[in-house]
Structures are given as structure tokens and as C-alpha cells.
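The next block holds one structure in the form of C-alpha cells; read it before the comments.
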Amino acid sequence: MAGLGSGTSPRLAGFVSLSLLVFVAVISASPDNVDGANETLRRPSGDSLEDSHHHPRNSTEHRKAFPVLAFNYEHVSKPFVISLWILLALLMKLGFHLIPRVSHVVPESCLLIFVGLLVGGVIKAMNQTPPVLDTKLFFLYLLPPIILDAGYFLPIRAFTENMGTILVFAVVGTLWNAFFIGGMMFAVCQIEAAQVGHVDLLSCLLFGSIISAVDPVAVLAVFEEIHINELLHILVFGESLLNDAVTVVLYHLFEEFAHEGTVTVGDALLGVVSFFVVSVGGIMVGVIFGILGAFTSRFTSHSRVIEPLFVFLYSYMAYLSAEVFHLSGIMSLIACGVIMRPYVEANISHKSYTTIKYFLKMWSSVSETLIFIFLGVSTVEGPHNWNWIFVIFTLILCLLSRVLGVVGLTFIINKFRIIKLTKKDQFIVAYGGLRGAIAFSLGFLLTDTEKKDMFLTAIITVIFFTVFVQGMTIRPLVELLAVKKKKESKASINEEIHTQFLDHLLTGIEDICGHYGHHHWKDKLNRFNKTYVKKWLIAGDRSTEPQLISFYNKMEMKEAMMLVESGSAAKLPSLASTASLQNAQQRAPPKQRAIPSISKTREQEIRKMLRANLQKTRQRLRSYSRHDLFSDPFEDNMSEIRFRKQRVQMERRMSHYLTVPANRQETPSVRKVWFEPEHKVYTYDESESPRDGAAPETSPDSVSLLSESSQRPGQSSRMKKRGDAEQGARAPDNQEEQQKLSRCFSDPGPKEEEEGEG
Amino acid sequence: MGSLQSSPSHPDYVDLAEKTGFSLEQISILHKRFKQLSHNEDKLRREHLDQITDLQANPIREQIVEAFFDKRNFYQDIEEPVNEINFENFLEVMSNFRPPSDNLSEEQLVKVRKEKLRFLFNMHDTDKDGTITLEEYRHVVEELLSYYEALENETARGIADAAMLEVASITRGHMEPDEFYEGITFEHFLKLLEGFEIESRMSIRFMNMDTTTL
């Protein structure tokens, strides 16, 4: 498709995929039967297939020829249809990105719902019954991957720092929304003109509780594309996750009572107790499974291949177990992922880590796509009971209650926050309160058919409004209001050092003040974690690895590996003699000195240590967004090979020249390193250390060095050009590497006698 | 908060409040704590701070204690060596950890940032010469890593070296072959931690302090 004209090809591709989609959907709908126990589907043409089956059997008295080619669709119909739907959803996703203009304006979720509408329309036009977003399917299969993905990659620091705010928004905010909407809707229903007087207070409250919850799927889908700053992201997203407990309790509460008809004070109290049970219980279940998972991963060193499965299965079991007891499955899943992650990542192999990451992103992506498409299809299916007043008022009240809730709560919260939430922040938080598929599924679960249709229609309208209108306009609004965007993570080692330094400093000051604050408890928790928990849950001696070291070891490891792989091991012994000379200098030599003494066993050690610790650094470098999985320099084998080839070439060229290199000229290319975060982390150490090592030498040797550099302008400029050409600034590392080694050669080449380390 | 007299009768408090920016209530709480630490004497000495048990487990304990006896952190000039400080000096040091008040203008925020970063800089620059040399920075990293028992000297050095070079590349950029990077000056330090949002991170809430812990 790419070969066609530039303007037409995206449109053509989009059109082709759209028609493919429709075609596929029609095929899948006609023989019926979609995933899950879905009774609403009929099988009109299934009979015709059965006839063809009967035929051969009926006519066995005539000896029939052996069927070379037979058609037996029934056999595979269920998995076939499921796969077709998933394939169709993914093709649509592909299609969107081929139409760049649209995907910039409209968030993906809107496009997917739109497609779902189209498909549903087509199916309906053919008088088939489209599949509906079955509640069981949604809650058991589609929702968990998304939540697990979100929970596993949750940024813990930001989350815990804002935990109070998030909890207030989630619990108090949702309660406020539910009661406000429920109560006001009841008042609205009393209006004669609406003809909905039969809706009683409890049903209204039930409706309010369904529609009040901010939906994590919708929030994720929209917020990930707009890249706002971490604080706002975690506030809205955290709220959407934690309000699950409230929603579950309110829903079950009101549903029970809607049947009873009345609520006593005792029941209300029980409801409050139930809230605590649901939330705390859910978290406990998650924690138990998380610990189990972490403990299991301690022993997986001999069967690396199944490591990811443990993570997925334990988490899924946590979710299901919580659902068994009507506890909050979402909170259980989040707790499990959060608890499990630091220990599991210390234990599992690098490849398993990658597998987990990619599988989670993949499943959550598929789930999200399917959810939105099914939402669209279900909308067409109905049944609808459109009541103007009810729907309009629901919409208005939702917006109103959200705004009031956020503003009111922020006013109270700001008294306790160091970083206050500004008006802009409040606006984004209020505007980002999107409703989604959870509300729809909960509505679908309602049993009272008369009001159910009306409720469902209103719910769908609100979902559409929030996803389409709010989803589409939030990006230009963010631009307009100049809301702070996500900071490009620079992975600076200085910031890392100072983050830790500040942690300890603030803890110390708190101790001096005698104030048991935030830092004091965090420090205590860390110490507890270090002394007891890590010993149990992490295999071997990785349990004592500090974070700063792992951050740094990655680079050392990479360098060590490269040195070894490029076969420079033979040269290493010669470095030892020069190392002592370097030692004499006042400015201490760089860690390169350590490299000569690296023995094979040490390499293995480093390799093992680093493989285990690569993930730790990753977790800080990576964003948790589904959309930006960058290609990882460490996984990029091609560039490794290229790099190695370059090294060898460089080495050959450099082996004639031994000099204190004009190291300074590397600086421009080193700065290039800052452009891409991953590469930056990967490369800067190698580029930096030689400079430090060069520093002592250049001062006494500066004169000779200058002449040196003038002598070899061609060489250095060639190197510089290579540095420019190399996208990841790998060549400078190359050069540095080479220069480091050659610098240390004690047998000088023909010209550069005076440059030797002597 | 009922245990505090709501109208502290010390006239000095008003003075101190103006100088350091604390509220009268906060000053009163801190004074109580000061008296507690110094066993009701007027001057606080290093040994008093060393007696705080919780502080023992802190890896950068030395630097923290030193910061209280660092004349650069005081408003007035005191001759070195400073072996004991009075309450005013104590407050001056503590004022670095006050969260910035809500309605600060841009320049005021910058000023607050500078002050806090200045405090941090002084903590690192132990020989008081105005630059953080490689040795000093190494010391910082080693202290941080001493928190964990498994420490290899070379790794700590390597990290410090890498960090220094990062500073050099950020601040000096392209350096001539004959130059070399002496140390981090205060301007470089500012530039280094530009994106760090220190005004909000380096703050402690001074309410609800429990003065009965020691």
C-alpha cells in the first residue's frame, strides 16, 4: 500500500481496511455465535449448515465418494469468530494510523466506537443480531489485562506521594457524584412532563452510582495520547482505579435495596462497613497473591521460560479470587502488581522482563480496542428507550456534579498539600472524568428491564458524550491552557543522586524536628524492606543491590561486554602497569582502571548482576504508556552488530596511534547523546569517564596534545563525522573506547612517542 | 494544637518570625524542640544532635549535623569554628525547609529555589571553597551508598565520576583540549538541578509536630 501515491494511499488503506472489517463482521455475524455465553444471539443460518451435514448421513445408503474437500464450519465456529473479531479490531487500529490527519484530531477510542457503530449498523441492516458487550466477557476477560498493565507499571513514587489526594477524589468524590446525581435525578423524575414518575428514589440512586464512576479504560485511552504532566495523569488515573471499591459497594447496596424498597439505618451502616471490607479485603487478596508470586519467582532460575506466566496467572487469580467474594477485583489486581513487581524484577531474567512488558501491553491494547468496538456495536443493538428529559438532565447533572465535586474537594485538599492544585489542574481533573465501558456493563447487569433500557440509553449517551466531546476537545484545551506536559525523562545520574540525597536529608531533618512525617515512615518501610522482606523474596545476593548502583552498573556492564566481545581481552594486562601511573595523579582515574583487572568470573558476575538490575533502571526510564514502547537499545541486535563491526574497524585504525586523544572534541557528540533518553543512559558513561581520565593527563601534556591534535586533524574529523553519522552516538563511544585502550598502550607507535603514559 | 499558648509572649518571636518566615506558632514549637534537644541550655552543640537515635541510621548524618554548624548558612557572620549555635541559628537553618508560600511571584520563587539549592551546595562543599570538587562529590556518593553494606569503592567512584562528567557536559559543553573541569560551581549546580523542582521537594510540613519524641 505504501507504494501508491502519497495522498491517496492512507485513504485507500483506510477504506480497504474498513471494507475488510465490515466484510469480516458480516461473515462472523451470520453464522452467529460470538464469544462468551451470549444467549441474545440467534442462529438463523446455522440451520442451513446443519442441513449440509445431514446430507451425507442421509445418503449413506448410496455409497458416496470420499469427500476430498468438505466444509465443516460448525466445528471451529466459536474460535473462528473470536479470532475474526480480534483481527478486525486490530486491522482497524492499524488503519487509523495510516490516516494521520484524523488520528491527530480524534482520539483512538472515538474512532473505534465509530467503527463499532458502523459495523453494528451493517449487521443490523442485514437483520442479524450483532453481538453485545456481554458483562461476563467484559469483566472476566477484557478488563483484567488493562488493569494489570496499568497496575504493574504504576509509577509508585508519584502514586504514593499523592495518595491522600487520590483517595479523597476517589472515595468522597464518587460518593458525592452518586448521591448528587441520584438525588437530583429523582427530583427530575418527579416532573410530570417526563413521564418517568415510576422511577423511585432507590433506582435513581442505583443509576447515580453506576454513572458516577470515572472509568480507567477511557481515561487511559485519552490521557495517554495527550501526554500531560505526571501529577495530573496520576491523579485522574489513580482516582479511576481506586473508585472501583466505592462503585462495587454502592452498586450492590442499591441493587439489593432496590428490590427491598426501603433502606434502614442499619443497612446504611452495614454499607459503610462493607465499603471497608471490600476495599481492604481486595487489597489484602492482592497482597497475598503478590507475595506468592514474588516468592515463586525466587525459584525460577532453572525454568526461565515460564517466568512471565507466573506473573500473569498470579495476578489473574488475585482478580478472580477477589471477585469470588464480591471484593474489589480492580484493587486486588493493582495491589498484586505493585507488590509483586520489585521482587519479581530482581529475580527474573531480562528476557522474561521484556516478555512480560510486551505481553501486558499487547493484551491491554487488544482489550481496549475490543471494548470500544463492542461499545459501538452494542449501541446500535439497543434496546433503547429514549427519554429526552431523563437523558439531557443526566448529562447536565454528570458534568455539574463532577465540576462541583472537584472544585469543592480541591479547596479542602489544598490545605494539606505542599504543591497546591491550581485552577488549571482542577479543570483538567474535572474534564478528565470520563465514563466508559464499566458503567455500561454495570448497567447491563441490571435486572429490572423496564427501567433498564432507559438507564442504558442514558448511560450510553453520557459515555458517548464524554468520550467523543471531552476526549476530542481535551487535547486542544490542554494546548490552549498551556498545561504542563510530561517532562522528557532525562535519566540524569545527578538527579538520581540528589533524589536519594534529598530523601535522606529530609528524613534526617524530620528526625531532628521530632516530626514523624512522610519521610520518616517511608524510610522505616524501606529499611524494613531491605532487612527482612528482600531476603525472603529475592534470590541470591541481588537482595543487597542498591538502586544507585544498579542504575550505574548497566553502563559498566555494557562496556565490559563490549570490551570482551571485541576481543580486546588480550590487551588488558598491559593496562595494569599504566594504571598505577594514573593512580599517582591527583584527580583520580576513572573506572577504566577497573577494567584491566576484570577476570572472566567477574564478567560473569557483572553480567548476571546487570541482567537482574537492568529492569530496575528500566522502570524509571520507561513511561507506562501503551503507545510509546521505544525500541530498546539493548534489545536492538542489529545496532549491536553494527556497533561491534565499527569497533573492530576503529580498533584497526587506531592501533597505529597511541595518544592521549584530543578527547575534548568528543564533547559535541556526547551532547548528542541527550536526544534520546535510552541512548543517553546507555552511552554517557563511556563517553564521560575517559574524559575524566584524560583530564589529569591533558593538563601537563597540553602542549604536546595540541600539536598532536593538529597533526591528526584528518583522523579526528573523520571520527567526528562518524560520530555524526551514527544515530545513537555509538561511534564516539567507540572512539573513546579505542582511545582509552590505545592511550594505555605503553609501546608507542612511530610518531606519538611523547604521548605515552610515561 | 491546644497545648500551645496561642499568644506567645516572647517579643523575640516576632523578630524571628520576620527574619525566617515562620509563623509564631511554628517558632514556638521549634523552640520547645530546641530546648528539648539541648537539655534546656541556650546553645546547641553537636553532641546534642548526635544523641537523636533515629538519626544514627541515616547515611548522611554527618553532613546534616554539619549543616547546622556551617557559618555559611547563618545570616550573620560567625567566626569559625562554630561549635555551638543558638536558637536563632537553628531557625535559620530550618527555614530552608519551609514550603514556599502560595502567592509567590516568579522572581520570589526563583529566589527561594536559589536559597534551597545554596543550602544543598553548602552541604556538598565541605571545604568551603565555593566549588564541589570530584573528591567531595565522591564522598557524597560513598555516603549514600554506605546505606547498603555491599559497597565497592570503585563503583562509587565510577558513579561520582560519571556524574561529574555529566555536569561538565551540561555546563561547559565543548571544552578545549587543554581545559579541565575543576569542580562544580554554584552556577553549574543551579543549571544541573534546573528541572528538579526543588522548592516543593525540599520541604517539610511543620504542622503537627510531636515534641515528645527523643
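Computation of the quantities below employed the complete heavy-atom set of this structure, encompassing side-chain atoms and omitting hydrogens, waters and symmetry-equivalent molecules. These figures come from a predicted structure and were not determined experimentally. Letters A, B, ... are given to chains in the order of the sequence lines, protein chains preceding strands, and every chain is numbered from 1.
Atom NZ of Lys43(B) is surrounded by more than 12 heavy atoms from other residues, nucleotides or ligands within 6.0 Å. Residue Asp42(B) places its CG atom among 12 or fewer non-hydrogen atoms of other residues, nucleotides or ligands, all under 6.0 Å distant.
Below 30°, between 30° and 60°, or above 60°: for Phe501(A) and His124(B) the angle between ring planes is between 30° and 60°, a tilted geometry.
Lys524(A) pairs by the side-chain contact (heavy atoms from CB on, under 4.5 Å) definition with His520(A), Trp521(A), Asp54(B), not counting sequence neighbours. Residues satisfying the side-chain contact (heavy atoms from CB on, under 4.5 Å) criterion with Leu190(B), sequence neighbours excluded, are Lys114(B), Leu117(B), Phe186(B).
Between the CD atom of Glu143(B) and the NE2 atom of His504(A) there is a distance of 10.5 Å, given to the nearest 0.5 Å. Taking CG of Asp511(A) as the reference point, atom CD of Gln56(B) lies at 10.0 Å (rounded to 0.5 Å). To the nearest 0.5 Å, the span separating CD1 on Ile512(A) from CZ on Phe97(B) amounts to 8.5 Å.
Neither the backbone nor the side chain of Phe34(B) comes within less than 4.5 Å of any heavy atom in chain A. For Leu505(A), the parts lying near chain B are the backbone and the side chain together; criterion is any non-hydrogen pair under 4.5 Å. Contact of Val65(B) with chain A is not made at all, since no heavy-atom distance falls under 4.5 Å.
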